[in-house]
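Report on the following structure.
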Amino acid sequence: MTDKTTNAEATTLSLPGCLGFDLDIAAQLGTKANGVEIAALKNMSNMPGLPGEVPVALRRGETPTVEGLERLFEPYRLHPTRKTGTAQAQTFESFCDLTNRHKTENSAIFANIDWRKPTLTTVIDYHEATNGGKADFAKHRIHYAFPLSEEWRKWVEKDGEPMQQNEFAWFLEDRIVEVSSPTEEDKALYESQFNTKIALASQLVELSRGLSVRVDATVKATTTLQTGEGQIAFEETHKGDDGKPLKVPGLFMLYIAPFFMGEKVRIPVRLRYRPVNGKIVWFYNIFRPDQFVTQHIRDTLFEAADKTGLPTYSGTPENGA
């Protein structure tokens, strides 16, 4: 007797024009026959990005079907087909180490230079660099989000935001350690530019304490001196205060590290106020915060190129991770 149990054979199917499959081909194998035949489905039109042939299973019988073999092998896979996912580096050193571990000849580094949320991203499986080069999946990435320091976050959060007198006094007292007296270079660079004197750190301490004393006082007069300083006179309600006008500097210097455990930089800050209904509203403006942060990002990007040997770009890569 002939053994009619399932058997497997191998054949090759050449399909011109496309990868579609006509079930009539399977039917021609014989609807009364049983078994599974392994066939090679060829890419006759050489469509880009596809292999030359794809293995399929032809199930013969009363209801012939064509199935891909991938799902049959998938439970026994020892390794994934390709590297995917995004590794999150917590330090710049780890970012460079991971990039060097996985990089290929086509890998590239992108820098998002938005000073509020700067990042570096290495796309390991990036597209070929040559004209007409093959596209890649761009799904394996190394990401580094510059960790902004808590001190910098606090100053940026209140930048340009109006504050009542008591709120501003407390804010200055809490953050006074991040204020620095000006250097000679600071004076030469900024005092003529802003037409004002830069406050000493001790002057800001005196200002914050003076503001605390006059929380409930009513504004009597405000003047601007030729030095660029302001003076505020109050109708005093507190006993023991000398009643002298309060001097307000027009500019002070921050000495702060924008990034966690990073280098400190000197950044000028303009101090401003305006009378509103007999009270003073305070606010400050950090001078060009983007300038200082962006320069640091550019320096870091240059260092990344040096440590990894990869091309670098300012911008964000195509979506795909």
Side-chain angles (χ1 to χ4, degrees), residues 115-116 148-183 186-187 190-191 193-260 264-293:
W115 69 274
R116 294 183 183 275
L148 299 177
S149 68
E150 186 64 22
E151 297 84 359
W152 178 250
R153 289 179 187 272
K154 292 294 185 181
W155 282 100
V156 172
E157 179 183 336
K158 293 290 187 179
D159 185 28
E161 180 178 325
M163 287 179 275
Q164 298 300 318
Q165 188 154 302
N166 59 340
E167 181 185 5
F168 184 62
W170 296 334
F171 180 84
L172 279 183
E173 287 186 0
D174 290 341
R175 312 235 67 89
I176 200 67
V177 295
E178 291 140 21
V179 175
S180 173
S181 294
T183 63
D186 292 334
K187 292 179 181 179
Y190 298 116
E191 286 189 342
Q193 181 176 351
F194 290 98
N195 192 29
T196 186
K197 297 291 185 181
I198 304 177
L200 301 174
S202 59
Q203 290 176 314
L204 277 191
V205 173
E206 293 175 1
L207 175 63
S208 65
R209 291 174 178 173
L211 293 178
S212 298
V213 171
R214 296 172 170 85
V215 166
D216 296 323
T218 302
V219 177
K220 183 178 180 181
T222 62
T223 58
T224 301
L225 308 181
Q226 291 182 347
T227 61
E229 295 177 325
Q231 282 192 344
I232 303 176
F234 294 90
E235 290 285 357
E236 301 298 337
T237 58
H238 298 268
K239 295 181 179 179
D241 188 72
D242 58 14
K244 292 182 179 179
L246 190 64
K247 287 188 177 182
V248 181
L251 196 69
F252 63 91
M253 299 297 300
L254 281 181
Y255 186 50
I256 191 172
F259 301 103
F260 178 68
K264 291 185 177 182
V265 295
R266 306 182 66 81
I267 304 178
V269 180
R270 300 197 70 175
L271 180 56
R272 298 178 176 180
Y273 61 90
R274 62 174 178 263
V276 178
N277 298 326
K279 299 293 183 180
I280 290 290
V281 174
W282 297 86
F283 59 100
Y284 62 83
N285 295 115
I286 303 174
F287 179 65
R288 296 295 306 275
D290 58 316
Q291 173 180 303
F292 297 93
V293 175

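In this text, all values refer to a predicted model and were calculated from it rather than measured experimentally.
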Where [X] and [Y] come nearest, the two heavy atoms and their spacing:
X: Asn285; Y: Gly160; answer: ND2-CA, 3.7 Å
X: Ala199; Y: Pro182; answer: O-CD, 3.4 Å
X: Ala257; Y: Ser149; answer: O-OG, 2.6 Å
X: Leu271; Y: Trp282; answer: CD1-CE3, 4.2 Å
X: Phe287; Y: Ile267; answer: O-CG2, 3.9 Å
X: Phe168; Y: Met163; answer: CD1-CE, 3.5 Å

Worksheet entry | Set of salt bridge (charged side-chain N to carboxylate O under 4.0 Å, His left out) partners for Lys264, sequence neighbours left out |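 Not a single residue meets the salt bridge (charged side-chain N to carboxylate O under 4.0 Å, His left out) criterion with Lys264.
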
Worksheet item: Do Val265 and Trp152 come close enough that some side-chain heavy atom pair is under 4.5 Å?
Response: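 Counting from C-beta outward, Val265 and Trp152 never come under 4.5 Å.
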
Discussion item. Can you list everything that forms a ring pair (Phe, Tyr, Trp, His ring centres under 6.0 Å) with Tyr284? Sequence neighbours excluded, please.
Written reply: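 Partners of Tyr284 under the ring pair (Phe, Tyr, Trp, His ring centres under 6.0 Å) test: Trp155, Phe171.
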
Worksheet entry | Sequence-distant partners of Tyr190, ring pair (Phe, Tyr, Trp, His ring centres under 6.0 Å), two or more places apart |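 By the ring pair (Phe, Tyr, Trp, His ring centres under 6.0 Å) rule, Tyr190 matches no residue at all.
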
Supply the atom-to-atom distance [X] [atom1] to [Y] [atom2], rounded to the nearest 0.5 angstrom.
X: Gln203; Y: Ile198; atom1: CD; atom2: CD1; value: 11.0 Å
X: Asp159; Y: Lys154; atom1: CG; atom2: NZ; value: 15.0 Å
X: Ser180; Y: Ile256; atom1: OG; atom2: CD1; value: 11.5 Å
X: Glu178; Y: Arg175; atom1: CD; atom2: CZ; value: 4.0 Å
X: Asn195; Y: Leu251; atom1: CG; atom2: CG; value: 11.0 Å
X: Lys158; Y: Phe283; atom1: NZ; atom2: CZ; value: 14.5 Å

Worksheet item: Passes side chain to side chain contact (heavy atoms under 4.5 Å, CB included), Phe259 versus Leu148? Steps please.
Response: CA-CA 4 Å; Phe259 301 103; Leu148 299 177; 3.5 Å; yes

